[in-house]
Amino acid sequence: MKIALLLTALLLSASAKAEDSEARIKSLEDRLNKLEGAPAKTSQSAFNPAMGATIDSAFSHTNGRSNFNFRAAEISIEAQIDPFLKGWIVLTGAQSGAEVEEAALQTTVLPYNLTVTGGRLFASFGRLAHFHDHELPVIDRPRSLDTFVDGETQADGVEVSYLFPTPFYLTVTGGVFNKLGGENARASNDAARSMDNFTYLARLAAYTDLGDDHSLELGLSEAWTPKRFVEDTSVAGTDFNLDGAPDTPNTSAGIQTRKNTWRSLAGVDFTYRWQPASGGLYKGLVWGTEVMQNNEMRFDPATNLPRDRVRAFAGFSYIQFKFGQRWRPGVMADLTEDLDSARTLTRTFTGFITYNVTEFQRLRLTFARATDNRPEGLGSSTVGLQWTGVIGHHVHGFRDR
Amino acid sequence: MRKLAFAAALLLALQSSAAAKLRVVATVPELADITRRIGGDHVTVDGLAKGTEDIHQIVMKPSFVSKLNRADAIVLIGLSVEHAFLPGLLDVARNPAMRPDPDTLNCAGPGCIDCSAGIRVLNKPQSLSRAQGDLHAQGNPHYNIGPDSGPRIARNIEAGLARLDPAHAADYEKNLKTYLAELEPKLAEWRKWVAPLKGLKAVSYHNDMAYLGDFTGLEFIDTVELKPGIPPTPTHLASLVKRMKELKVAIIVREQQFDMKLPSWLADQTGAKVAVVATMANALPGTDTFVKFSEANLRSLLKAAGKEPQ
């Protein structure tokens, strides 16, 4: 009797357990069905772009005068537009105002290893020239780039690049732009122009590994403007429209006069990296060098006739070390000839040390000494302290590595 | 002349044979190893990481771009662990079969073989804020360090290769069975090995030991880093020493890529033993395969705990 009761109890218990298990399985199945049937994202903002922002501020002290400098608040927006195209926008607000720094469209699936980028973009001239200010290894853009490129290589136009299908990295890029240089005031983005007033860009970039830990990159760039205008304030003449047509004559010296000329800006960039695969968290080195030649025709103020070309050279070389996970000290030397008077040379030597508090926050201290070879040149010494933070979306880009 | 024609024909035959092979790039050495085992003669496999790096800071070399440009498939860990290099490389590799996925920072396209599919992801964050460090939004991505992830990784690679090259699907399936027939007895053996580790307390340098802890039964109570990706502060280290003493932490895991200085100091302060663990195959000498890498890690933990494999 006891055995029968025990067996019945066991059977009832087993049956209850089975029912319990079935109920749990059913509940899990229901939940799974809901998950599988749900869209990947349900929010109305599901297709909104990825956003990030960078805040860049600095304190500088030059020849006894100091300033807190709000350098920039930069908002970047990026997304795939459709299966064939992606786009990004970089909006920058600085003390000088707000501007669209980049607003570009780029193809993602063109055949034959081609990529087309158009809109307002940072053209592929040199290496550091197309870095945003806060991504540079120093606080202030090297004087050579600021003088020869006029800020970042911001350009309105279109660029086509081709990656050679070779075992080694080789790319060629061609572009056509209104002008090169975000702060280049010698040409306007607004006026229509003839084809020979555009700036045409060509760049060849190659890379080779030197074993596992060392690498070398070499780039050649040329920005050619067949016809451009030089502002001459020393002689009388005729003003020209941006399309080259004569405008209002001016007859008094000191009034702005525009004259046709051409411009070639050529550059060579070289980057050596030591990035050991073993221990690379704590040590490494980047040595970057860029040399540019600006070649233009100038007009003789006395005769009003074209005179010899003005060739000016500029360039910089820097070494940045990696000491430990956080410290990045380095030195940079920059030599810049004046674009109009190549005999005037400015030398800038900069020592810098960067402390990466985290991947998203950085402190940097620099000391820069600039002198020129003019008899009246005084020189300047600048101490700068930069504080940079990144908010939100943050992708490690290949071009700015 | 006849010899020349023969040589040309041979060259063409060799080229067409090479061209017929699926060109696969694997982000880390253990995935390259398993892909070679599953793919056999039908694939050529190139790796990106060497194994000794920190996976969060692998350098984007332009030579990787050339590899990815010509690849038919990329085998990746996924869960955004390759965020430092893979999205940037895919963005410029001009390979329509593999594009960076801006939502997940992984890979999107038919050429992507994401080995995280079906992995039971641990440490999924409840909320996302940089105040918690360099978090991975999809959860802890370091499942490749868990030995029992091997079969799932192998199955995902087999499924990916079969999808891209259905003509050889039967061979991939056969190779998978052969591989699993080697790996599963190893897993059973390793489970016996690690039995003495169950319940022991440990700390690791980075928060990447969740899956190894899950397999071994080790309880990882904290990290040397303040937060994921954030180097330790003196205050954190002082509090960590106190906590380790209170909880009687037995093992400090020093991932191979991190400096020995801090783990040694912690060991001196607390009496815990340091185990050097690889986060990728090939990080330590003689660990170029998934099996050797997993086994070396377990031996290192056992040694630190004063145990022998049984």
Side-chain angles (χ1 to χ4, degrees), chain A residues 40-41 46 49-50 78-80 83 86 106-115 161-171 205-209 212 215 217 273 275-282 284 324-326 356-361 390-401, chain B residues 46 49-54 56-70 82-97 99-105 108-109 128 130 133-134 205 225-233 255-259 261 282-284:
Chain A
K41 286 182 175 181
E78 182 182 2
Q80 192 75 23
K86 73 170 189 175
Q106 187 173 67
T107 60
T108 55
V109 289
L110 276 190
Y112 308 114
N113 283 348
L114 289 166
T115 300
S161 79
Y162 173 69
L163 173 69
F164 286 85
T166 47
F168 55 91
Y169 181 85
L170 182 65
T171 59
Y207 169 96
T208 183
D209 286 326
D212 286 330
S215 66
E217 265 181 88
R273 289 183 176 89
Q275 293 165 312
S278 187
L281 264 181
Y282 302 96
Q325 278 184 280
R326 290 168 153 173
N356 292 323
V357 182
T358 67
E359 191 183 338
F360 306 97
Q361 186 192 172
V390 177
I391 300 170
H393 175 67
H394 170 61
V395 174
H396 301 263
F398 177 80
R399 219 167 73 130
D400 303 330
R401 72 197 185 286
Chain B
D46 252 327
K50 199 167 165 6
T52 48
E53 308 95 325
D54 179 358
H56 302 294
Q57 296 200 19
I58 289 172
V59 173
M60 282 186 273
K61 292 182 179 178
S63 53
F64 294 171
V65 174
S66 303
K67 286 181 181 180
L68 289 168
N69 173 252
R70 290 173 298 139
E82 291 108 337
H83 69 99
F85 63 102
L86 194 59
L89 290 171
L90 292 175
D91 195 35
V92 293
R94 304 164 205 227
N95 189 334
R99 295 287 310 152
D101 182 337
D103 280 340
T104 62
L105 296 181
L128 289 175
R130 293 275 182 232
D134 196 2
Y205 202 105
E225 287 181 336
L226 177 66
K227 304 267 183 187
I230 313 289
T233 59
E255 295 86 333
Q256 171 274 334
Q257 69 271 22
F258 292 110
D259 194 56
K261 200 171 142 192
N282 219 26
L284 300 168

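Order of the sequence lines sets the chain letters (A, B, ...), proteins ahead of strands, with each chain counted from 1.
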Side chain from CB out, backbone as N, CA, C, O: work out which of these in [X] comes under 4.5 Å of a heavy atom of chain B, or both, or neither.
| X | value |
| --- | --- |
| Thr107(A) | neither |
| Leu114(A) | backbone |
| Thr108(A) | both |
| Arg326(A) | side chain |
| Tyr282(A) | side chain |
| Asp212(A) | both |

Checking [X] against chain A: side chain, backbone, both or neither under 4.5 Å from a heavy atom?
| X | result |
| --- | --- |
| Val59(B) | side chain |
| Ala93(B) | backbone |
| Asp91(B) | side chain |
| Phe64(B) | neither |

Quiz item: Among His56(B), Gln57(B), Glu53(B), which residue meets the side-chain contact (heavy atoms from CB on, under 4.5 Å) test with Leu281(A)?
Solution: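 Per the side-chain contact (heavy atoms from CB on, under 4.5 Å) rule, the option paired with Leu281(A) is Gln57(B), out of His56(B), Gln57(B), Glu53(B).
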Taking all atoms of both residues into account, what is the closest heavy-atom pair of [X] and [Y], and its distance?
| X | Y | answer |
| --- | --- | --- |
| Gln256(B) | Ser278(A) | NE2-OG, 4.1 Å |
| Pro96(B) | Val109(A) | CB-CG1, 3.9 Å |
| Gly88(B) | Phe398(A) | O-CB, 3.6 Å |
| Ala277(A) | Lys50(B) | CB-CD, 3.6 Å |
| Tyr169(A) | Ser63(B) | CB-N, 4.5 Å |

Straight-line distance of [X] [atom1] to [Y] [atom2], nearest 0.5 Å:
| X | Y | atom1 | atom2 | value |
| --- | --- | --- | --- | --- |
| Arg70(B) | Asn113(A) | CZ | CG | 10.0 Å |
| Gln325(A) | Glu225(B) | CD | CD | 7.0 Å |
| Glu217(A) | Lys61(B) | CD | NZ | 12.0 Å |
| Leu110(A) | Arg94(B) | CG | CZ | 9.5 Å |
| Leu226(B) | Thr358(A) | CG | OG1 | 10.5 Å |

Practice problem: Please examine the side chains of Ser66(B) and Phe164(A), heavy atoms only from C-beta on, and report whether any two atoms are closer than 4.5 Å. | Solution: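 Answer no - side chains too far apart.
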